[in-house]
Asks: 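Would you mind keeping the following structure in view while I ask a few things?
Numbers here are sequence positions counted from 1.
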Amino acid sequence: MKNILLEIGTEELPTSFINSLSEFIGIKLKELTEAKEVIKFSTPRRLAFLLKDVPEVIEGKKVIIYGPPWHVAFDREGNPTKALTKFLEKNNAKIEDVIKVKRDRGEYTAIEKSEKAESPINRIKENIEEIINSAPAPKKMRWDSSGITFPRPIRWLVALCNEEVIDIKVGNIRAGRETFGHRLLNPYKIEIKRIEDYESALKEANVIPSFEERLNLIKKSVEEESNRLGGMPAYPEGLLEEVANLVEYPFIISGKFDAKYLDLPELVIITVSAHHQRFICVKGKDGNLLPYFIAVSNNGNNKDAIRRGYERVLKARLEDALFFYMEDLKVPLYKRVEELKGILQHPKIGNMLDKVKRLEDISVKIGKQVGFDEEKINKLKRASLLSKADLLTEMVKELDELQGYMGYIYALKQGEDEEVATAIYEHYKPKGSDDELPKTDIGAVLSIADKWDNLVSYFSVGETPKGNSDPHGLRRSFAGILRIIFDRKWDINLRSITKVPQELEEFILQRTIAFFEDYPYDVVRSVMSVSDPLIPLHIKEKIERLTEIKDREEFKEIVEAYKRISRIIPKNFNREEIKEEFLKESAEKELYNKLRDKLNAEDILDMHEIVPYINNFFDKVLVMEKDENLKNNRLALLLKIKKLFMRFGDLDQIVSKEVVCNG
C-alpha cells in the first residue's frame, strides 16, 4: 500500500465552485485508484487530494458486455445473424465466447472479459486531464493551446507517491514537488519533500489547506469577537462557508458604523453587509442589532488601515440603503401594481401584472378548497394584488434577495393589514428544502398559488427542467407545494385549479415519487400507480399507511389474496356488472355478500375480513367455467373486489419475503 498526494494549483477560484470541484475530483480519484480513503484540501488557490492506502496494482475485473437479444442474434437454423457478428467483431470475440444471460426484458447474448491489471499511478496519468476537463462548473476557460478547460487557469501541479515525484502532465504544466504559500503573506515556493509534510509546510507559509479547519476557526473567532463586542453573530445562511473559501488564512477584523443606520429594517442591514462585503453583523442580548460588524480578511497586516477601509465602504452602502428606503416609502405599494406590466416574467409568458391577476384567481380557488371564510378570502386577494409590487422598489432592484421581505416592511409601514403584509413575505417560502414554511394560512395559500402558477406557466410554453438544468426552479417549486400541503394536511386538488399540461402531469408524477424516496419503493409504486398525482395529501396518507402495516401478517394475507385475484383476471376484461342470478355456488354468494359489506371500507386492513371468503371461493369455485355467463359473472365479482383493493394501492407492486419465496 502507498499514499499519493495530488495538488492542483490555480488562480483564485470562485467561492461557489470550490467545494463541488473538490468533491467531484476526490470521488473520481478514489474510484480510479481504489484508495481506501481520500482526504480533501481546498483553498481559493488550490485543490489537493491525499489518497491513502492505494494498492500497488489494481487487479483486472471481470466485466459482462451485453450484445443483441438472443432471438435477434441467431436465425431459425441457429446461425449467427449480422447483428451478432458485428457485436463479436467490435469486441474482438469469437462465437465460442457467447453466453446467454437473463435481463429484465428477456434473454440476451453477452461475452465475459477480464480487464488488465493496472498501476494506480498509470491510471492517474492516463485519466487526470479527462477528470479536470469534466469537472462540473457553470463557466470554464482556456488559457493556453493545450485545450484544458477549468474554471481558472492551472498554474502548478504537485504529484507525489510517498516521497517520489509522479511524472504527470496536465496541459503544459508538468507536476513536481513545489507548491506556493499565501499569496500576500508568503508568496514563495515551498518544496514538499514528503507527503506527511504537506499540511504543516503550508501552515508555516500562512495557508490552512483544510476547508473544514478554516471554517471552524472562522466560526470560533467570529463567536469570540461577537462576545467581546457584547453580542452574538447575525448573518445569512451559508455566509461563513463562502468566507472560508475566500481566504487561505482568516484574520478577524471588527468595525463600527453610525447608529443612525439602525433605523433600517434589520434584514436590510444584515443583507447589505453580507451581500456586498461578506461582513457579519452583531446582535445584542436584547435581540436588536448593534452598530458593529465583523470581517474575515485574507490579510493580517495593518489591520487598522483595513478596518478604516471596511468602515468607509460599509458606510457608503448603508447610506445608499437608507436613501432607497426613505424614497420607497413615499409611494404606496398599491400604486405600483399597474407598473408591473413593465416587468417581464418571461418573453413567452407575459409580464408580472398578468401574473398578479392569475395569482388572485388561483389563490382564491385554493383558499375556498381549504375552507377560508369571506374575510380571509378578501385578505388573500389583497395580498395577491400587492405580492409583487416591491419588485419596483429601489431596495429590491439593488438587493433582489430582499423581495417579499421589503414588501412586508413597506406594507406594514403603509398601513396594510398585518396578515396581508406577512403573506407578501411568506409567499416566497420555502426557498429550498431546508427553508422554513409559511406560518400563516394566507401566506401558505399564496405560496402554493405562486409556485403552481410558475409550474403551469413555464410548462405551458415548453420551459421545462432538462437534466440537471432547472433555471426557473420548478423542481424546488413543486417540492415547496408538497411540503406546505403535507404540513397543513390540506386536501387540495390541483387539477381543479387550472388546466394542467400533460408534460407537467408527468413531471409531477416523477417528482412525487422522488419526494417519497425515503419510503419503501414498492409501496410508493403501489400507491402512485392508482392515485391521482394532483391530489397530494391522499398519496401521502396512503403511502404512510401502507408503510406502517407492510410487515403485518394481515396485510401480507391481503396482498396474497389480491395477487391471486389479479393473476386470474384476463388483461382486457373490464365487465363489472354482477348478476345475482348467476351466483350459483354458496362460496361465491358468501363472497358477494361480504363484498357488499366492505364497499365503504376506509382502511385497507378493514378488507382483511374478506380474505377467508376469497380463499374459500378459489378452493370451491371453478372461475373459468365453460358456461360463459357463469365465468364472466365470477370474473366480474373478482374485478369488483380488485378495484376495491385498488383504492388503497396496486398490491401487485408490493414485495414481501413470503410472497417472493412462495413464488
Asks: Looking at Ala201 and Ile192, what are the two nearest heavy atoms and their distance?
Replies: CB-CD1, 3.9 Å
Asks: Write down the atom of Thr547, the atom of Tyr519, and the distance for their closest heavy-atom approach.
Replies: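 Closest heavy-atom pair between Thr547 and Tyr519: OG1-CD2, 3.4 Å.
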Asks: Tell me whether Arg575 contacts the main-chain N or O of Leu639 through its side chain, where contact means a donor paired with an acceptor under 3.5 Å.
Replies: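 Judged by distance alone, no pair lies under 3.5 Å.
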Asks: Okay, side chain of Thr81, backbone of Ala73: is any donor-acceptor separation there less than 3.5 Å?
Replies: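 Judged by distance alone, yes, a pair lies under 3.5 Å.
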Asks: Does any N or O in the side chain of Ser566 come within less than 3.5 Å of the main-chain N or O of Tyr562, such that one atom is a donor and the other an acceptor?
Replies: no
Asks: Would you find a donor on one side and an acceptor on the other, under 3.5 Å apart, between the side chain of Glu129 and the backbone of Gly171?
Replies: yes
Asks: Could you tell me whether the side chain of His346 and the main chain of Lys348 form a donor-acceptor pair under 3.5 Å?
Replies: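 Checked: pair present.
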Asks: Could you tell me whether Glu56 and Lys2 make a salt bridge, using a distance below 4.0 angstrom between a side-chain N and a carboxylate O?
Replies: yes
Asks: Can you name the nearest heavy-atom pair linking Phe24 to Ala135, along with the distance?
Replies: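 Of all heavy-atom pairs spanning Phe24 and Ala135, the closest is CE2-CA, 3.5 Å.
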Asks: Any chance NZ of Lys36 has more than 12 other-residue heavy atoms, nucleotides or ligands included, within less than 6.0 Å?
Replies: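 Incorrect, the count does not exceed 12.
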Asks: Does the pair Ile4 and Leu29 meet the rule for a side-chain contact (heavy atoms from CB on, under 4.5 Å), with working shown?
Replies: CA-CA 10 Å; Ile4 294 174; Leu29 289 174; over 6 Å; no
Asks: Should Phe645 and Ile610 count as side-chain neighbours, where that means a heavy-atom distance under 4.5 Å?
Replies: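 Heavy-atom side-chain distance check passes, below 4.5 Å.
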Asks: Check Arg495 with Glu505, please: is the shortest side-chain N to carboxylate O separation under 4.0 Å?
Replies: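 Counted as a salt bridge, because a side-chain N and a carboxylate O are separated by less than 4.0 Å.
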Asks: I'd like to know if the side chain of Thr109 reaches the main chain of Pro68, judged simply by a donor and an acceptor atom lying under 3.5 Å from each other, with no hydrogens or angles considered.
Replies: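 It does hold such a pair.
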Asks: Taking the side chain as C-beta and beyond, is there a heavy-atom pair between Thr464 and Leu474 under 4.5 Å?
Replies: no
Asks: Let's go through Val456 and Leu504 carefully: what are the C-alpha distance in whole Å and the side-chain angles of both, what is the deciding distance for side-chain contact (heavy atoms from CB on, under 4.5 Å) to 0.1 Å, and is it a yes or a no?
Replies: CA-CA 7 Å; Val456 173; Leu504 174 56; 3.9 Å; yes
Asks: Please confirm whether the backbone N or O of Asp53 pairs with a side-chain atom of Asn3, one donor and one acceptor, at under 3.5 Å?
Replies: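 Pair found, side chain donor or acceptor close to backbone of Asp53.
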Asks: May I ask you to decide if Pro44's main-chain N or O and Arg152's side chain share a donor-acceptor pair within less than 3.5 Å?
Replies: no
Asks: If we only count heavy atoms from C-beta on, is the Phe17 to Pro138 side-chain gap below 4.5 Å?
Replies: yes
Asks: Arg46 and Leu202: which non-hydrogen atoms are nearest, and at how many Å?
Replies: NH1-CD2, 3.6 Å
Asks: Does Glu541 reach the side chain of Glu544, with side-chain heavy atoms less than 4.5 Å apart?
Replies: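 Answer no - side chains too far apart.
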Asks: Evaluate the side-chain contact (heavy atoms from CB on, under 4.5 Å) criterion for residues Leu638 and Phe618: first the C-alpha distance (whole Å), next the side-chain angles of each, then the deciding distance (0.1 Å), finally the verdict.
Replies: CA-CA 10 Å; Leu638 293 175; Phe618 278 114; 4.1 Å; yes
Asks: Around atom CD of Gln502, are there more than 12 heavy atoms from other residues, nucleotides or ligands closer than 6.0 Å?
Replies: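 Buried by this count: over 12 neighbours within 6.0 Å.
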Asks: Which heavy atom of Tyr198 sits nearest to which heavy atom of Ala48, and what is that distance?
Replies: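 Minimum heavy-atom separation between Tyr198 and Ala48: OH-CB, 3.2 Å.
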Asks: Can you check whether Ile148's main-chain N or O pairs, donor with acceptor, with Asn133's side chain at less than 3.5 Å?
Replies: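 Such a contact is absent between Asn133 side chain and Ile148 backbone.
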Asks: Should we count NZ of Lys52 as having more than 12 external heavy atoms under 6.0 Å?
Replies: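 No, NZ of Lys52 has 12 or fewer neighbouring heavy atoms, counting only those of other groups under 6.0 Å.
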Asks: Measure the shortest side-chain to side-chain distance between Glu554 and Ile549 over non-hydrogen atoms and say whether it is less than 4.5 angstrom.
Replies: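 No. Closest side-chain heavy atoms not under 4.5 Å.
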Asks: What heavy-atom pair brings Leu21 and Pro136 nearest, and what distance separates the two atoms?
Replies: CD2-O, 3.4 Å
Asks: Answer yes or no: are there more than 12 heavy-atom neighbours, outside Glu164 itself, under 6.0 Å from its atom CD?
Replies: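 Counting other residues, nucleotides and ligands, CD of Glu164 stays at 12 neighbours or fewer.
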Asks: Mind checking salt bridge (charged side-chain N to carboxylate O under 4.0 Å, His left out) for Arg142 and listing every partner two or more places apart, or none if nothing turns up?
Replies: none
Asks: Give, for atom CD1 of Ile58 and atom CG of Asn122, the distance between the pair rounded to the nearest 0.5 Å.
Replies: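 That separation rounds to 10.0 Å.
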Asks: Look at the aromatic rings of Phe459 and Phe507 and report parallel, tilted or perpendicular, splitting at 30° and 60°.
Replies: tilted
Asks: Show every donor-acceptor pair shorter than 3.5 Å between a side-chain atom in residues 88-96 and any protein atom, with sequence neighbours excluded, or say none if there are none.
Replies:
unit_1, atom_1, unit_2, atom_2, d
Asn91, ND2, Phe87, O, 2.9

Asks: Do the non-hydrogen side-chain atoms of Phe180 and Lys189 ever get within less than 4.5 Å of each other?
Replies: yes
Asks: Find the distance between CG (Leu637) and CD1 (Ile565) and round it off to the nearest 0.5 Å.
Replies: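 If I round to the nearest 0.5 Å, the distance is 8.0 Å.
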Asks: How long is the span from the CZ atom in Arg123 to the OG atom in Ser119, to the nearest 0.5 Å?
Replies: 9.5 Å
Asks: Report the relative orientation of the aromatic rings in Phe486 and Phe516; use parallel for angles under 30°, tilted for 30 to 60°, perpendicular for over 60°.
Replies: tilted
Asks: Is there a side-chain contact (heavy atoms from CB on, under 4.5 Å) between Asn454 and Gln345? Walk through the geometry before answering.
Replies: CA-CA 10 Å; Asn454 284 342; Gln345 181 184 1; 3.4 Å; yes
Asks: With heavy-atom distances below 4.5 Å as the criterion, would you say the side chains of Leu455 and Ile508 are in contact?
Replies: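 No, every pair of side-chain atoms sits at 4.5 Å or beyond.
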Asks: I'd like to know whether OH of Tyr521 has more than 12 heavy-atom contacts from other residues, nucleotides or ligands below 6.0 angstrom.
Replies: no
Asks: Is there a donor-acceptor pair closer than 3.5 Å between any side-chain N or O of Ser531 and the backbone N or O of Met528?
Replies: no
Asks: With Asp167 as reference, evaluate Lys125, Arg174, Arg177 under the salt bridge (charged side-chain N to carboxylate O under 4.0 Å, His left out) test and give the passing residue.
Replies: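 Running salt bridge (charged side-chain N to carboxylate O under 4.0 Å, His left out) over Lys125, Arg174, Arg177 with Asp167 returns exactly one hit, Arg174.
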Asks: Drop me the distance from Ile132's CD1 to Glu130's CD, to the nearest 0.5 angstrom.
Replies: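 So the CD1 of Ile132 and the CD of Glu130 are separated by 11.0 Å.
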Asks: Would you say the side chain of Leu546 lies within less than 4.5 Å of the side chain of Phe555, judging by non-hydrogen atoms?
Replies: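 The answer is yes, as the side chains (C-beta and beyond) meet within the 4.5 Å cut-off.
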Asks: For atom NZ of Lys542, decide whether the heavy atoms of other residues, nucleotides or ligands shown that lie under 6.0 angstrom number more than 12.
Replies: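 Enclosed: over 12 neighbouring heavy atoms sit under 6.0 Å from NZ of Lys542.
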Asks: Is any side-chain N of the basic residue among Lys563 and Glu560 closer than 4.0 Å to the acidic one's carboxylate O?
Replies: no
Asks: Taking atom NZ as the centre, does Lys466 end up with more than 12 heavy-atom neighbours from other residues, nucleotides or ligands that are less than 6.0 angstrom away?
Replies: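 Atom NZ in Lys466 is packed in, count exceeds 12.
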